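The structure appears right after this line, and notes come after that.
Being a predicted model, the structure only gives us computed values, none of them experimental.
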Amino acid sequence: MTLTYTPKRIIITIISACLVAFIVYYSTIRKNSQSAKNPKDIVTVALDSKITSGDPRIIGSDANSQYIENIRFLPLISFDEQGQILYILVNEIKTLSNKSWNIYLKKGIKFSNGKEITAYDVEATYNQIIAPQGNFPPSPRKAAFSSVTSFKAISEHQIHIELDSPDVSFLNNLVVGILPKDAALNAAPNEVDNKGYESGPFILKSTSSSEWILEKNDHYNLGDKPKIKEVVFKIITDSGTRYAALIRGDIDIAQNAIDPDKITLIENTKKDTFNVLSAPKLSTTYLAFNFKDPIFSNLKVRQAIAYAIDRKSILQFRMQGQGILANSMFPPTNYFYDNSIPEIPFNPQRAKTLLKETSIQEPLAFPIKVSNSNKSIVEVAKAIAANLKDVGFAPTVEMLENSVFAEQVKKGIAKVWISPWVGFKDPDHLRFVFATNMVPPAGGNRGAYSNPQVDELLQEGKEEVNNQKRKVIYDQAQNLLAGELPYIYLWHSLNVAVVSKNIEGFRLYADGRYWSLVNVTKK
């Protein structure tokens, strides 16, 4: 067959060739632009809320601050991917009794200024939390060490700890990042950056309201140095903006920062671009009450709210099934989970009956407070509000900036709120959350719940060494709490991370920490 090259055919051929050349050129330019924007030696991680502090002495309940702390400042101990204790600066722990230990440090581990970390640095860091010197403010971490009578360095590599009462969970608290002695005792709050005090695989390069940039610590000598040059933590509080940045390629890793519906969309349409990782998470989402309010200290009101919430439907449709229903603080995989606690069924008629029995004038109006940093929790709050309206309540959903939300809950301004607890390792967490003497700032009893019988059990559980006996004690406490409903447990979330296909080595840790960034590479 002979082709005839007419002027029209020649023009079409030239245009087609130019179009192909343009597409190739544009693709190359775009690829180069993307590489320049997000180069191979820099990994970008999305955060849904700001990092409130990088100072180990004053880091509080802010999860993102805790997640980043130990990749900058090495602690005595940390936790592995399953949440089991992992020795970091510790070489050996000798248990002398259920309220005293000798701790021996590894030798030769250094701060980035080249000085070796010693027991005197550890002593100073913890004692500035336990009994701050000078004008240093009370630490949010102080409650975890309220029973300490002595935290003393007895040589360069040995520490002796004494408590005034038994506390078998105490070792779980030794996660504070260590500062040099002089810095721990004399540096002002949040004045520990860029001074050579860090010892972890990364050190702080710069901060702003929208990002924290960490760079590889060339003096890190606990293990292999990071394979990447920098980690950029981008703080993007709006969930839609976070998703857009991920899809656009500005974000390499988004851990627990993308809404469930968008996770499903990515799994269905972006398999060639992203991996979606999921694993069990130490997390329990709950609806809580302020017992200082006479309305919500009424058990029948709390029961009516519990029966009115269709948790199964909300988990399935609002959370895309990314979790399991909760009956207590502990998930079924936890040793201290009590399977005898009955599930609260969705029973709107029972809710209406209970509400009428309270003799409270209907409709009962109140705000459900939530942080606006998590769109899925906002949607959950709206769904719960709709459930409650169906049975005679008149709730609204009040979305607050995360720091404002945390402050209102801490100060007892919130009457009803939805939030998660994350990262807890030991059943003594129940004492921190529900014991009478743990009302903020002493602890996490933000609803001012009080029951002397629960207090007694939680103190007993704190002191009991035998795990089987502890389980019996905590089962009793959980059953009392289930009957009184200071919390309505909603579900245990999963750890879910969306990771760009060009990232290798990222793993999920049960408590949400970013330790695996040490091993991450980028193609």
Parallel, tilted or perpendicular: which one describes the rings of [X] and [Y], with boundaries at 30° and 60°?
| X | Y | result |
| --- | --- | --- |
| Phe170 | Trp101 | parallel |
| Phe151 | Tyr126 | parallel |
| Tyr514 | Phe233 | perpendicular |

Can you tell me if [X] uses its side chain to pair, donor with acceptor, with the backbone of [Y] under 3.5 Å?
| X | Y | answer |
| --- | --- | --- |
| Ser112 | His219 | no |
| Glu198 | Ile203 | no |
| Arg507 | Asn519 | no |
| Thr284 | Trp421 | no |
| Gln66 | Gly60 | yes |
| Asn217 | Gly200 | yes |
| Lys462 | Pro166 | no |

Can a salt bridge be assigned to the pair [X] and [Y] using a cut-off of 4.0 Å between side-chain N and carboxylate O?
| X | Y | answer |
| --- | --- | --- |
| Lys234 | Asp250 | no |
| Lys229 | Glu215 | no |
| Asp48 | Arg242 | no |
| Lys262 | Asp259 | no |
| Glu407 | Lys410 | no |

Stepwise side-chain hydrogen bond (donor to acceptor under 3.5 Å, both in side chains) check, Asn64 with Ser49: CA-CA 7 Å; Asn64 286 332; Ser49 60; 3.1 Å; yes
Kindly compute the distance separating NZ (Lys195) from CG (Leu179), expressed to the nearest 0.5 Å.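 One finds 11.0 Å between NZ of Lys195 and CG of Leu179.
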Taking the six-membered ring for Trp, are the ring centroids of Phe434 and Tyr487 within less than 6.0 Å of each other? yes
Are there over 12 heavy-atom neighbours, none belonging to [X], within less than 6.0 Å of that residue's [atom1]?
| X | atom1 | answer |
| --- | --- | --- |
| Lys115 | NZ | no |
| Lys152 | NZ | no |
| Lys501 | NZ | yes |

If only side-chain N and O atoms count, and only distance matters, is there a donor-acceptor pair under 3.5 Å linking Asp164 with Thr149? no
Check the pair Asp261 / Thr264 against side-chain hydrogen bond (donor to acceptor under 3.5 Å, both in side chains), numbers first and verdict last. CA-CA 5 Å; Asp261 59 332; Thr264 301; over 6 Å; no
Mind running side-chain hydrogen bond (donor to acceptor under 3.5 Å, both in side chains) on Asn502 and Ser500 for me, showing each step along the way? CA-CA 5 Å; Asn502 63 353; Ser500 175; 2.6 Å; yes
Quick one: closest heavy-atom pair of Asp252 and Lys522, and the distance? OD2-NZ, 3.1 Å
